[in-house]
Amino acid sequence: MSTLKINRLVKYKLLLFLFILSVWLVPCTPAQTPEASRQGSGLLAIVNVRIVPVVGQEIPSGTILVERGKIKALGSHLEIPTGARIIEARGLTAYPGMIDGYSSLGLVEISGEPATVDNRETGRINPQVKAIEALKYDSMHIPIARSNGIVAAVVSPTGGLISGQSTLIKLDGWTNREMVIKESLALVVELPGLRGGRRGFMGMGPSQAAVSTERALSELKELFQKARMYEIRREQAEKNMLWPRPDFDEVSHCLLPVVKGELPVIFSVQGDRDILQTIRFVQEQKIKAIFYGVHQGFKVAEEIKKAGIPCIIGSLYDQPPVWEDGYDSLFLNPVLLNKAGVKIAFSSSSSSAAKDLPYHAAKAAAFGLDRLEALKAVTIYPAEIFGVDKIMGSLEAGKLANIVLADGDLLELGTRIEKVFIEGREVDLSNRYTELLEKFRKREKEK
Amino acid sequence: MKKLTRASIFILGLTLMLACSANWLLAAGNLLIKNATILPVTGPPIAGGDVLVIDGIIKQIGRNLAAPPGTRIIEASGRYLIPGIIDTHTHLALSGTNEGTEAITPEVNMAEVINPDDPAIFTALSGGVTMVHTMHGSANVIGGVNVVLKMKWGQPSEKLVVKEAYPTLKFALGENVKQSNRTLLPGRPQRYPATRMGANAIIRRELLRARDYLAEWDRYEKLRNSKNPPPNLLPPKKDLRLETLADLLRGKLYARCHAYVATEMVEFLNLAREFGFKVAALEHAWEAYKITDELLAAGVGISVFIDSWAYKMEAAEGIAYNASYCTQRGILVSINSDSSERVRRLFNEAGKAVKYGLTPDEALKMITINAARQLGVERLVGSIEVGKQADLALFNEHPMSAYTRCDLTIIEGEVYFDREQLIKERQATSAAKGGN
C-alpha cells in the first residue's frame with residue numbers, strides 16, 4: 001500500500017515535472033520554428049509561377065526550389081522534393097530582388113529633424129566615417145522599401161569633398177551587422193554639381209560653397225599623394241629601427257585602401273567636362289571608380305565607356321541642371337549611356353523615397369530605355385557594379401534566394417508585391433504604412 | 001491737317017487693335033484629334049475616338065469625325081487622350097511666395113506677382129499640366145490670396161489667370177508657422193505664434209477683429225441707406241488686412257489651409273464652423289486618414305502628396321494609403337505637387353495610388369476632375385466633355401502606368417507642348433551646330 005502510494009507520488013511528481021517542462025518548453029517551440037526558417041535551412045518550392053530571371057530565358061510557368069537560403073534549381077518541369085514548403089504562386093511573377101544603387105536608408109529617418117539624421121559629418125574630408133557604423137537597422141523606411149521589392153541597397157554618407165565610406169546591405173537583419181553584404185563598399189567623393197553652391201531650404205539644412213572640380217581633384221591628388229608617402233614612411237620605419245615612425249595621420253590611414261586600388265571610389269560627378277577630368281584623374285591615380293549622378297553623362301558617353309567606369313544614375317526626380325540640355329535630359333541620360341554600352345544602375349538617392357527605385361527605371365524606359373535593360377539596371381547591373389553578381393542580382397541556381405513575387409510588372413506603379421524572400425527567408429511585409437492604416441481603420445470598424 | 005493726323009492716328013490705332021484681336025481670334029484653337037483612346041474621366045473610355053475642338057471648346061466627341069477645312073489634325077492612334085492635368089497646390093509662376101515677416105498678411109495677393117516667364121510653366125506643360133492653383137507659402141498663419149493660372153507659356157500674366165476659379169485665401173498651421181525648424185539668429189526675437197495653440201488663437205483673434213470690422217461697415221451702410229442718414233455720418237476706416245478677412249466671413253473667399261496633424265485639422269474645421277467661413281480644401285493633410293469622419297461631416301476635401309513624407313516631424317505619419325483610403329471613405333481628394341519639379345510627374349504620383357487601393361480611373365480623377373472641383377472650375381475643365389474648354393494631354397501609354405510619357409499638351413485648343421516638334425527643333429539646332 002505504502003509502496004503503491006510512493007509509486008503514485010513518484011508518478012505524480014513525474015507528471016508534474018513533465019507538465020512544468022512542457023509549460024516551460026511550449027513557448028519556445030514556436031520561437032524555434034521561425035528561427036530555423038530564418039536560417040533558411042528548410043526546403044522551399046515556389047510553384048506555378050512566371051519566372052523572369054533577368055539573366056536567361058523567361059519561364060511562363062515553373063518552379064523555383066530554394067534550399068539553405070540559395071536557389072537550388074528553377075525550371076518549368078521540376079520535381080518537388082518531399083517535405084518542401086510549397087508556395088502556390090499562380091498569377092504571380094518571380095523577379096530577383098532589386099538593389100538600390102545609392103541611398104541614405106538607415107542614416108536618414110526624418111530629414112528635417114537633425115536628431116534623426118546621420119549621413120552628413122561636419123567638415124570636408126571624412127574618409128574615416130563609415131555608413132555601416134551608424135546604420136539604423138530598424139529604420140521605418142527599410143520595411144517600406146522591402147515591401148516594394150527592394151532587397152539590398154548601397155547606403156552612402158554625403159557632404160564635403162570626401163563624405164565617408166558607403167556600405168552595401170541586405171534589407172533584413174536584427175542588427176546593423178546582420179545586414180552587411182559589403183561592410184566598406186566604396187569611398188564617397190562628392191565633386192561640385194552643375195548648379196554650383198547649394199543653399200539650405202528655407203534657412204534649414206546645410207549649405208555648400210561652390211568649388212571648381214579642378215580644384216577639388218587637385219586637392220584629392222594631394223591627399224592621395226600624402227597617403228602614399230605616409231605608407232612609404234611607415235614601411236621604412238618598420239624595416240629600420242632607427243627610422244622615426246610618422247605621426248598617426250587618420251586621413252592618410254583611411255585613404256590607403258583607395259590608393260592601393262583595394263577600395264573603389266564613388267565619384268559624385270555631374271557635368272560633362274567634370275566627368276572627363278575625373279576620368280583622367282582615375283586613370284592617373286590608378287584607382288577603381290564608380291560614377292554617381294552623372295547628369296551630363298550622355299554628352300561624354302563614349303569616353304565613359306572607353307574608361308570602363310560604371311555609372312549609378314542619380315535620382316530622376318530632379319530638374320535638368322542645364323536648361324539648354326532639354327527638359328528631358330535627365331530621362332534620356334540613362335537611355336543614351338546604356339546605348340553607348342556604359343554599365344548603368346538606378347538609385348533612389350533617398351531613404352524616405354527609396355521605395356521608388358523601380359519607378360526611376362520605368363521613367364527611363366518611358367523615354368526609350370529597353371524594358372529588360374531597365375529591369376537589369378535595378379538587379380544584375382548593380383550587382384555587377386558592386387562585385388556581388390556571383391551571389392545576387394538574378395534568379396539562377398546557386399545564387400542567394402532573393403526572390404520577389406509580384407502581381408504584375410515589377411517596375412509598374414500599380415503592382416503589388418505579394419511576397420519577398422531574402423536569402424530564402426520570407427520577410428515581413430508589414431510596415432509603417434500598413435500598421436497606421438490598420439490602426440485607424442479600426443475606428444471605422446468600431447461603428 | 002491737325003484733324004487728318006488725329007484721324008490717321010485713330011485709324012492706325014484701330015487697325016492695330018483689330019490686328020491684335022484678329023491675331024487673338026486666330027489663336028483660339030481649332031483641332032481634330034483622331035483615333036485616340038479617350039479617357040474622359042467622367043465617362044467610360046472611348047477606344048479609337050476623335051475629339052473635335054472649335055474655338056478652344058470641345059465641340060464633338062465620337063468616331064470618324066470630320067473637321068472644317070484647314071483644321072489641324074493630330075493622329076493619336078495607340079495613344080491616350082486625357083483632360084489637362086490640374087495641380088491644386090503649387091508656388092510656380094510667382095515672383096514671390098512668402099510674405100513671412102509677420103504672422104498675418106491677408107492683404108497680399110499672388111495675382112499681383114505673377115511671373116509668366118517662369119520656366120516651371122513649361123516644366124508643368126511637359127507633364128500634361130494645363131492649370132495650377134499657385135499659392136502663397138506657408139511661412140505664416142494667414143498668408144495671402146491665391147490665384148489659379150492656365151499654363152499658357154509665352155502669354156502675358158493677365159491671359160493666364162482663370163477668373164472663374166474660387167478666390168482662395170491661404171492659411172497655414174504647424175511646424176512652418178511655429179518656425180520650429182528655424183535657427184533663431186542672435187538678437188532676433190521668436191515670432192508669435194510659436195505653438196499650435198498660438199496659431200489657432202491668432203486666427204481666432206483676427207477673425208473676431210474682422211467680425212467687428214464687418215459689423216462697423218454694416219452699421220454704416222444701414223445708416224447711410226436709411227431714410228434720414230445722420231448729417232455727420234463718417235465711414236469706418238478702411239483696413240485692407242481686415243477687408244480680406246471680412247470677405248472670408250462674407251463668403252466671398254474660400255479658405256485653403258496647410259495642415260498636417262489630425263488635431264490642427266480638427267481645430268481648423270471647428271474655427272470654420274465657429275465663424276461660418278468656407279473651406280475649399282485642406283493642404284497636405286497627412287493625417288487625414290485619422291479623421292475621415294470629421295472631414296466627411298464638414299464636407300471638406302484634401303489636396304495631398306501621394307507619398308512624399310518624413311521630411312519633418314509632422315510628416316512622419318504620412319502614409320501612402322492616405323489618398324486612397326480617404327477616397328474610399330468618400331472624401332474629395334486631389335494630388336498636388338507643391339513643387340516646380342514634381343509638377344511634371346504628377347501623373348506618376350497619382351498612378352501610385354493604384355498600388356494603395358484605387359482603380360486607375362479613380363487615380364486619374366485625383367489630378368483632373370477632383371482637382372477642378374476643389375478649384376470651383378469643374379464646369380469648365382477637368383474632363384473631356386462637349387462644351388468644356390479643350391485643355392487636353394496626350395500620353396503614349398496609359399497615364400497611370402510607370403512607362404508613360406506626355407507627348408502633347410493642349411490648352412483651349414492650342415498646342416503648348418509638342419514633344420515631336422521639340423525633338424525636330426533639337427535635331428535642327430544640333431545639325432546647325434555641326435552635329436553633336
Side-chain angles (χ1 to χ4, degrees), chain A residues 108-114 116 140-141 144 148 200-205 299 316-320 323-324 326-328 331 351-353 355-356 358-363 365-368 371 374 408-409 411-417 431-441 443-444 447, chain B residues 98 100 119-120 122-123 125-126 137 139 175-176 179 181-183 287 289-293 307-313 315-317 319-322 325 329 339-342 344-345 348-356 358 360 363 396-397 400-405 417 419 422-423 426 436:
Chain A
V108 177
E109 206 60 5
I110 298 165
S111 53
E113 285 299 324
T116 71
M140 64 181 176
H141 301 299
I144 291 172
N148 239 24
F201 172 70
M202 277 177 74
M204 299 183 285
K299 290 187 169 178
L316 299 189
Y317 294 169
D318 206 347
Q319 297 265 38
W323 180 251
E324 286 73 19
Y327 84 100
D328 52 356
F331 306 149
S351 60
S352 64
K355 73 173 183 63
D356 282 10
Y359 315 142
H360 293 281
K363 191 58 139 182
F367 283 78
R371 287 190 187 186
D409 185 306
L411 309 184
E412 191 54 275
L413 293 165
T415 296
R416 273 164 235 181
I417 305 300
N431 55 52
R432 180 86 146 186
Y433 290 171
T434 58
E435 283 155 12
L436 282 168
L437 180 71
E438 280 321 304
K439 179 173 170 183
F440 288 92
R441 234 184 204 159
R443 188 185 179 199
E444 182 193 342
K447 282 165 196 161
Chain B
N98 270 310
F122 181 81
T123 306
L125 285 168
S126 75
E175 290 181 28
N176 291 14
Q179 303 195 320
N181 300 318
R182 196 169 281 223
T183 325
E287 295 186 2
Y289 65 96
K290 300 182 181 179
I291 51 158
T292 50
D293 290 342
D307 62 359
S308 171
W309 73 306
Y311 41 89
K312 49 185 168 177
M313 209 57 216
E317 300 206 345
I319 61 172
Y321 289 97
N322 192 37
Y325 179 63
R329 292 281 284 133
S339 147
S340 297
E341 181 276 317
R342 196 166 15 228
R344 66 168 170 173
R345 50 183 174 87
N348 288 152
E349 298 293 277
K352 289 175 182 173
V354 177
K355 182 183 172 80
Y356 300 105
L358 295 189
N396 69 330
E397 297 273 345
M400 297 295 97
S401 161
Y403 293 109
T404 198
R405 181 186 71 219
F417 172 79
R419 180 169 162 78
L422 267 178
I423 290 170
R426 199 179 285 169
N436 201 344

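Just so it is clear: chains get the letters A, B, ... in the order the sequence lines come, proteins before strands, and each one is counted from 1. Keep in mind it's a predicted model, so treat the numbers as computed, not measured.
- Residue contact with chain A, scored on non-hydrogen atoms closer than 4.5 Å, is absent for Pro360(B).
- Looking at Pro320(A), the atoms closer than 4.5 Å to chain B (heavy atoms on both sides) sit in the backbone and in the side chain alike.
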- Determine, step by step, whether Tyr356(B) and Arg416(A) satisfy the side chain to side chain donor-acceptor pair (under 3.5 Å) criterion, reporting the C-alpha distance in whole Å, the side-chain angles of both residues, the deciding distance to 0.1 Å, and the verdict. CA-CA 8 Å; Tyr356(B) 300 105; Arg416(A) 273 164 235 181; over 6 Å; no
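- Counting only heavy atoms from C-beta outward, the side chains of Leu413(A) and Val354(B) never approach each other to under 4.5 Å.
- The CH2 atom of Trp309(B) sits 7.5 Å away from atom OG of Ser352(A), with the distance rounded to the nearest 0.5 Å.
- The heavy-atom pair separating Leu436(A) from Ile319(B) by the smallest distance is CD1-CG2, 3.7 Å.
- The two residues Lys352(B) and Tyr317(A) make their nearest non-hydrogen contact at NZ-OH, 4.0 Å.
- Applying the salt bridge (Lys or Arg N to Asp or Glu O under 4.0 Å) test to Arg405(B) and every residue at least two apart in sequence or in another chain returns Asp407(B).
- In this view, Glu412(A) satisfies the salt bridge (Lys or Arg N to Asp or Glu O under 4.0 Å) rule with no residue, not counting sequence neighbours.
- Of all heavy-atom pairs spanning Ile291(B) and Arg443(A), the tightest one is CA-NH1, 3.6 Å.
- Both the backbone and the side chain of Ser401(B) come within less than 4.5 Å of a heavy atom in chain A.
- When each of Glu109(A), Lys439(A), Glu435(A), Arg432(A) is checked for heavy-atom pairs under 4.5 Å with chain B, Arg432(A) comes out on top.
- The main-chain N or O of Lys363(A) is never found under 3.5 Å from a side-chain atom of Arg345(B) such that the two would form a donor-acceptor pair.
- With a 4.5 angstrom heavy-atom cutoff, Arg329(B) touches chain A only via side-chain atoms.
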- Message: Assess the residue pair Tyr403(B) and Asp409(A) against the criterion (side chain to side chain donor-acceptor pair (under 3.5 Å)); give the C-alpha distance rounded to whole Å, side-chain angles, the decisive distance to 0.1 Å, and a yes or no.
- Response: CA-CA 11 Å; Tyr403(B) 293 109; Asp409(A) 185 306; 2.9 Å; yes
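- For chain A, the nearby parts of Ser340(B) are the backbone and the side chain; heavy atoms of each come within less than 4.5 Å.
- The candidate from Asp328(A), Val108(A), Leu411(A) with the greatest count of non-hydrogen atom pairs under 4.5 Å with chain B is Asp328(A).
- Counting heavy atoms from C-beta outward, Asp356(A) and Asp307(B) have side chains that approach closer than 4.5 Å.
- Only the side chain of Ile144(A) comes within contact range of chain B, with at least one heavy atom under 4.5 Å from a heavy atom of that chain.
- The backbone N or O of Thr415(A) sits less than 3.5 Å from a side-chain atom of Lys355(B), completing a donor-acceptor pair.
- Between Glu397(B) and Arg371(A) there is a salt bridge, with a side-chain nitrogen of the basic residue lying less than 4.0 Å from a carboxylate oxygen of the acidic one.
- Ranked by heavy-atom pairs under 4.5 Å with chain A, the first of Ala353(B), Gly351(B), Ser126(B), Ala320(B) is Ala320(B).
- Looking at Ser351(A), neither its backbone nor its side chain comes within 4.5 Å of chain B, counting heavy atoms on both sides.
- The part of Tyr359(A) that comes within reach of chain B is its side chain, from C-beta onward, which places non-hydrogen atoms under 4.5 angstrom from that chain.
- Contact of Asn322(B) with chain A is not made at all, since no heavy-atom distance falls under 4.5 Å.
- Arg426(B) contributes no side-chain N or O that, together with a main-chain N or O of Gly326(A), makes up a donor-acceptor pair within less than 3.5 Å.
- Here Arg342(B) contributes atom CZ and Asp318(A) contributes atom CG; the two are 12.0 Å apart, rounded to the nearest 0.5 Å.
- Contact between Asn181(B) and Glu113(A) at its shortest, heavy atoms only, is OD1-OE2, 3.7 Å.
- Side-chain atoms of Met313(B) and Ile110(A), non-hydrogen and from C-beta on, do get closer than 4.5 Å to each other.
- Screening Tyr321(B), Tyr325(B), Tyr289(B) for a ring-ring contact (aromatic ring centres under 6.0 Å, His included) involving Phe440(A) leaves a single residue, Tyr289(B).
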